[in-house]
Protein chains: 2
Amino acid sequence: MTVPPEAEREGVGDVARLRSIPEATVARLALYLRTLGELGEQGAETVSSDELAAVTGVNPAKLRKDLSFIGSYGIRGVGYEVRPLLHQLEQSLGLNHRQAVALVGVGNLGHALAGYGGFDGRGFPVTALFDVDPDLVGIHINGILVEHVREIPRIAVERGITIGMIATPGPAAQAVCDLLVSAGVQCILTFAPVVLQVPADVEVRKVDLAVELQILAFHVARRNLDEVAGSSVSTGTVNGHALVNGAADNRTVNGSGGIHS
Amino acid sequence: MTVPPEAEREGVGDVARLRSIPEATVARLALYLRTLGELGEQGAETVSSDELAAVTGVNPAKLRKDLSFIGSYGIRGVGYEVRPLLHQLEQSLGLNHRQAVALVGVGNLGHALAGYGGFDGRGFPVTALFDVDPDLVGIHINGILVEHVREIPRIAVERGITIGMIATPGPAAQAVCDLLVSAGVQCILTFAPVVLQVPADVEVRKVDLAVELQILAFHVARRNLDEVAGSSVSTGTVNGHALVNGAADNRTVNGSGGIHS
DNA sequence: GCAACTTTGTGCGTGCGTTCACAAGCGGCT
DNA sequence: AGCCGCTTGTGAACGCACGCACAAAGTTGC
């Protein structure tokens, strides 16, 4: 784009570049980051866009354009050096310093999330647990004390919480969200099936498991209708699906969004 | 569009209409369905597109266009009758008959999912649990016996499983996926952080919790950069965010697909 | 029965995201 | 040193999706 040849690589230039990264690209950058980490552990020195695209299930051209948003770190004729690219991705995605996470709601799902090792290992240590249930407040999960929700404002500030995860029942989610926001938390990941009202400077991402299943159920229904309406043979039906799915390589990438943003 | 006035409401017409529904719309239809269910339980008879849009956090015009994909079930000047619309949504999304779900991987996350009440209540009864861990095989969770993964082909067919959920560690996911596919399962929801290779007639949706957090971390980083580079006052920064976020009403809707989603 | 109001359904413009295709650049080979 | 093959980076076209704005259609009140 209009990147100055050798002007400031750090500083305000980064702001402008980060600000302009499309949301869909950010989601994939996170995917590349994790995949690159695995490739690096396997001893890979360089990766071509075609290889990385195959592993992540993304179109190679799209991958190159995604990476171009954070700068030119590839070598033409060779590919991308894993180590430098990994470092640049971490910096661009804000993973150079760890983000403390607070988890509210230690019921069924929350309990699992608290014990899930995938967060701490990836730079997101869960450093606070909250609930309202007297039977849960006071117990330890993975060595972390469950405290009462009313303590959120104090503890969140004390421990420098930057990300809140809400795993409460739907009706309690908005109140919990308000508490987190009042404590200065600006990023929230919620599993509660309600729309959260937040100020403009707070970012909310919602993961709705029931909706995910319903989307799948829709595809089941469509397939069944296809089979009823399909001309005759089964192979013909399969070809029909391939057409419906569009490009064959986006089947395993979730929308997301959004997302699912 | 080109809907015949009073031609066949059922039959091939449905196939053509369902086939053409955009993926992003399907994700939102599932959202409307759940929200409508709640409104119905609260005794609402009719809902206007503005009301439903406010609750679901969607643009009213977009909502009306979404609903128009499944037919004209609104009354001008009044709104939508909750009951008929609910019924039509259920039929279009394939929820008129329950979909049996198999859950593979009863570790941390899987255990929570097995005990999560949100599935059974929404027409997705979890009717089979699988794992490889000898300590887990044989126990009951929520009254369901955990069986060995090698039994997937037999049991999935016996119990008419149509949806598979994979909550295993990443390395095991592909093998489990292959087993499910061989048992005829065509819809898979996976939490494993790997790209699953499947035939063209199998639908995969992926929920990647670590990626979700990384996306949030990116926004934290962007905010921090903003504050450093921001002119002076904090209110100016807030306004900046509002602009970056685009329309204020899509903050709480996840990309999914982004498909997501 | 008519007029005013309300709400749906949708045509159209706009912007984002994806993909193709190719020029530019880098390494290896002779 | 020069050529050849490979891979990146990106310009450009395409398609999808979003949202505005308005006509069509129904309801309420007089």
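Letters A, B, ... mirror the listed sequences (proteins, then strands); counts begin at 1.
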Which atom of A:Ala30 lies closest to which atom of B:Val211, heavy atoms considered: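 Looks like CB-CG1, 3.8 Å.
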Return the minimal non-hydrogen interatomic distance between B:Tyr32 and B:Val58, and the atom names on each side.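 Residues B:Tyr32 and B:Val58, closest heavy atoms: OH-CG1, 3.5 Å.
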Might you work through the salt bridge (charged side-chain N to carboxylate O under 4.0 Å, His left out) test for A:Arg205 and A:Glu23, ending with a clear yes or no? CA-CA 12 Å; A:Arg205 290 188 69 83; A:Glu23 189 67 24; 3.6 Å; yes
Separation of [X] atom [atom1] from [N] atom [atom2], in whole Å?
X	N	atom1	atom2	value
A:Leu52	D:dT8	CG	C1'	13 Å
B:Asp66	C:dT10	CG	C1'	13 Å
B:Ile75	C:dC5	CD1	P	22 Å
B:Glu23	C:dT18	CD	C1'	16 Å
A:Asp50	C:dA21	CG	P	15 Å
A:Glu81	D:dT8	CD	P	12 Å
A:Lys62	C:dA21	NZ	C1'	17 Å
B:Leu67	C:dT10	CG	C1'	13 Å

Residue [X], side-chain heavy atoms: nucleotide from [options] that is nearest:
X	options	answer
A:Ala61	C:dA21, C:dG17, D:dA21	C:dA21
B:Arg28	C:dG27, D:dC18, D:dC20	D:dC18
B:Ser48	C:dC20, C:dT7, C:dC26	C:dT7
B:Arg64	C:dT8, D:dT8, D:dG11	C:dT8
B:Arg76	D:dA25, C:dT10, D:dT8	D:dA25
B:Val78	D:dG9, D:dT27, C:dG17	D:dT27

Does a nitrogen or oxygen in the side chain of [X] sit under 4.0 Å from OP1 or OP2 of [N]?
X	N	result
A:Asn59	C:dC20	yes
B:Tyr80	C:dG9	yes
A:Ser68	D:dG9	no

Tell me whether B:Glu45 at atom CD has more than 12 heavy atoms from other residues, nucleotides or ligands lying less than 6.0 Å away.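 No - once you tally the heavy atoms of other residues, nucleotides and ligands closer than 6.0 Å, there are 12 at most.
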Do A:Glu81 and A:Thr46 have a side chain donor and acceptor closer than 3.5 Å?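 There is no such pair (donor and acceptor under 3.5 Å, judged by atom type) between the side chains of A:Glu81 and A:Thr46.
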